[in-house]
Student: 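One structure is given below, represented as structure tokens, and several questions about it will come after.
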Amino acid sequence: MAQAKINNNTVCEFATLFANDEQFNPLVTPIIKATFDISPDGKLKFAEKQMPVDLAGKYTADPETSSYLVEPETAFIKLTTDVVIIGDAISSRGPVQHLLVDIHVGDLHKQMAVFGDRHWIKQTIGYEMSRTTPFETMPLTYENAFGGWDRRHDDLAKQGFEARNTVGKGYFRTDVEHTDALMPLPNIENPNALISDIKDKPEPVGCGFTLPHWQPRAALAGTYDENWQKTRSPLLPEDFNRAYFNAASPGFIASQYLSGKEQVVIKNMTPEGHLQFQLPIGRPPVCEIELKDSIETLPTHLDTVIINTRSMQLQLIWRNYLLLQRGPHDVEAMTIN
């Protein structure tokens, strides 16, 4: 079969995803991605090099043990907008022991208390925190948030992990004896719920993408049990929830699609200490899909906003899907305006 003809009348990058919905109905999802350069004073302009749709995704390090830097952009739909911030806490006044990062994107707001490296010191009774090592730059990744695995015991039954963030630091089992080992605290915390005891198990605080197997996101994927295997496989489980496709950190999944005019204010993530701009205002892209016997006009939704304060770039992703009768053969041409 010849590939569908693509007419992209925008400056954005474009990709076509063919997939199936929960009932295995074939569908096509156009994905449109725009990249903007951000100046320190908050001015936006289309980047000379537009970043392609990333179907593979990227990790911060080894995929087996690290978090997403960028999620695979393969969802056929998102129910609302993910807002993701990639970057570091930066002190503009030299080394500090702690720093408050403050992020506003429209009505979404998150604060993160960022600390230098610390660890628990075992006492005759209980534990106490070590002194905090000053820092100037701290990556705001889930590796530095509360979570992780406690593998200090040789017996696997006496190990444990934080299901909401398996790559973090600060999770320890205190109900069993362990060999001596460094016990680091997280660098990123909720300023309104700081850790005070080694038994504390706070919600991991982040501003990046969550992994599919972390809770509470994993619970939305549905139940893959023996009954599913016998009666429904390879279809998605009946209790699959499309909210699973939203991958932003808790608090940064919008209640509805963003419109593209929201104010962004970020403090202590740039050398200047303050970054402010407005998301671009404009009509979302529209995709005309030419089928064998009709032309369908498909509006798209702004469902992913990625602000990267390291590269000083903004990425916006729009998508939607159209059900097909048979599959990719149905689509003869697509025009993006």
Side-chain angles (χ1 to χ4, degrees), residues 35-45 47 60 67-70 81-118 132-146 165 168-170 185-195 202-210 248-255 258-281 302 304-316:
T35 303
F36 299 83
D37 290 328
I38 311 170
S39 66
D41 62 357
K43 292 184 173 61
L44 301 180
K45 68 175 183 178
T60 59
S67 61
Y68 278 151
L69 180 64
V70 179
T81 305
D82 280 334
V83 174
V84 171
I85 317 296
I86 300 172
D88 312 294
I90 299 176
S91 170
S92 57
R93 59 182 190 275
V96 295
Q97 291 185 327
H98 56 83
L99 193 66
L100 184 67
V101 169
D102 192 276
I103 304 170
H104 286 267
V105 180
D107 294 334
L108 303 177
H109 179 221
K110 180 172 288 190
Q111 290 186 325
M112 293 179 282
V114 184
F115 296 88
D117 290 339
R118 306 164 294 167
T132 303
T133 302
F135 73 96
E136 292 187 67
T137 301
M138 182 65 64
L140 295 178
T141 62
Y142 271 104
E143 283 80 352
N144 286 328
F146 176 78
N165 173 19
K169 60 177 70 170
L185 280 95
N187 302 98
I188 308 168
E189 295 190 51
N190 180 345
N192 299 313
L194 296 177
I195 293 173
E203 180 180 41
V205 179
C207 55
F209 288 103
T210 60
S249 63
F252 267 12
I253 299 174
S255 60
L258 298 188
S259 60
K261 61 182 179 181
E262 291 77 10
Q263 287 289 331
V264 176
V265 181
I266 300 175
K267 297 179 181 178
N268 291 328
M269 287 189 67
T270 59
E272 297 76 18
H274 183 92
L275 177 64
Q276 182 170 349
F277 61 91
Q278 186 181 43
L279 295 185
I281 301 174
L302 174 60
T304 308
V305 174
I306 303 173
I307 303 167
N308 190 325
T309 59
R310 293 174 185 159
S311 63
M312 290 298 284
Q313 286 193 323
L314 165 71
Q315 295 179 359
L316 305 180

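Basis for what follows: all heavy atoms, side chains included, without hydrogens, waters or symmetry-related copies.
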Student: Can you name the side chain to side chain donor-acceptor pair (under 3.5 Å) partners of Ser259, sequence neighbours left out?
Tutor: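 Per chain and number, Ser259 pairs via side chain to side chain donor-acceptor pair (under 3.5 Å) with Glu262.
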
Student: Less than 4.5 Å apart, side chain to side chain, heavy atoms only: is that true for Ile103 and Val83?
Tutor: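 The answer is no; the side chains never approach within 4.5 Å.
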
Student: Can any side-chain N or O of Thr81 pair as donor or acceptor with the backbone N or O of Leu302 at less than 3.5 Å?
Tutor: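 Judged by distance alone, yes, a pair lies under 3.5 Å.
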
Student: So how far is it from Thr210 OG1 to Phe252 CZ, rounded to the nearest 0.5 Å?
Tutor: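 Answer rounded to 0.5 Å: 13.5 Å.
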
Student: Is it true that a side-chain atom of Asn268 and a backbone atom of Ala89 form a donor plus acceptor pair closer than 3.5 Å?
Tutor: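 Not at all, since once roles are kept as given, no pair shorter than 3.5 Å links the two residues.
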
Student: Within the structure provided, determine whether Leu316 and Phe36 are in side-chain contact (heavy-atom separation under 4.5 Å).
Tutor: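 Side chain of Leu316 against side chain of Phe36, heavy atoms only: contact under 4.5 Å found.
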
Student: Go through the side-chain N and O atoms of Ser67 and Glu143 and say whether any donor and acceptor fall under 3.5 Å apart.
Tutor: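 The criterion, which ignores hydrogens and geometry beyond distance, is satisfied for Glu143 and Ser67.
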
Student: Between Ser92 and Gly273 (side chain of the first, backbone of the second, donor and acceptor by atom type, cut-off under 3.5 Å), is there such a pair?
Tutor: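 Flag not set: sc Ser92 to bb Gly273 has no pair under 3.5 Å.
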
Student: About how many Å separate CG of Asp107 and CD of Gln263, when rounded to the nearest 0.5 Å?
Tutor: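 Going from CD on Gln263 over to CG on Asp107, the span is 11.5 Å.
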
Student: Hey, does the side chain of Gln315 reach the backbone of Ile306 with a donor-acceptor pair shorter than 3.5 angstrom?
Tutor: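 Side chain of Gln315 to backbone of Ile306, a donor-acceptor pair under 3.5 Å: no, none is there.
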
Student: Output all residues satisfying side chain to side chain contact (heavy atoms under 4.5 Å, CB included) with Asp102, sequence neighbours left out; order by chain, then residue number.
Tutor: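 Expected list: His104, His109, Gln111, Lys267.
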
Student: Starting at CZ of Arg118, measure out to NE2 of His98 and round the result to the nearest 0.5 Å.
Tutor: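 Spacing of CZ (Arg118) from NE2 (His98) equals 10.0 Å.
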
Student: Could you tell me which residues satisfy side chain to side chain contact (heavy atoms under 4.5 Å, CB included) with Asp41, sequence neighbours excluded, listed by chain and number?
Tutor: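 Asp41 satisfies side chain to side chain contact (heavy atoms under 4.5 Å, CB included) with Ser39, Lys43 only.
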
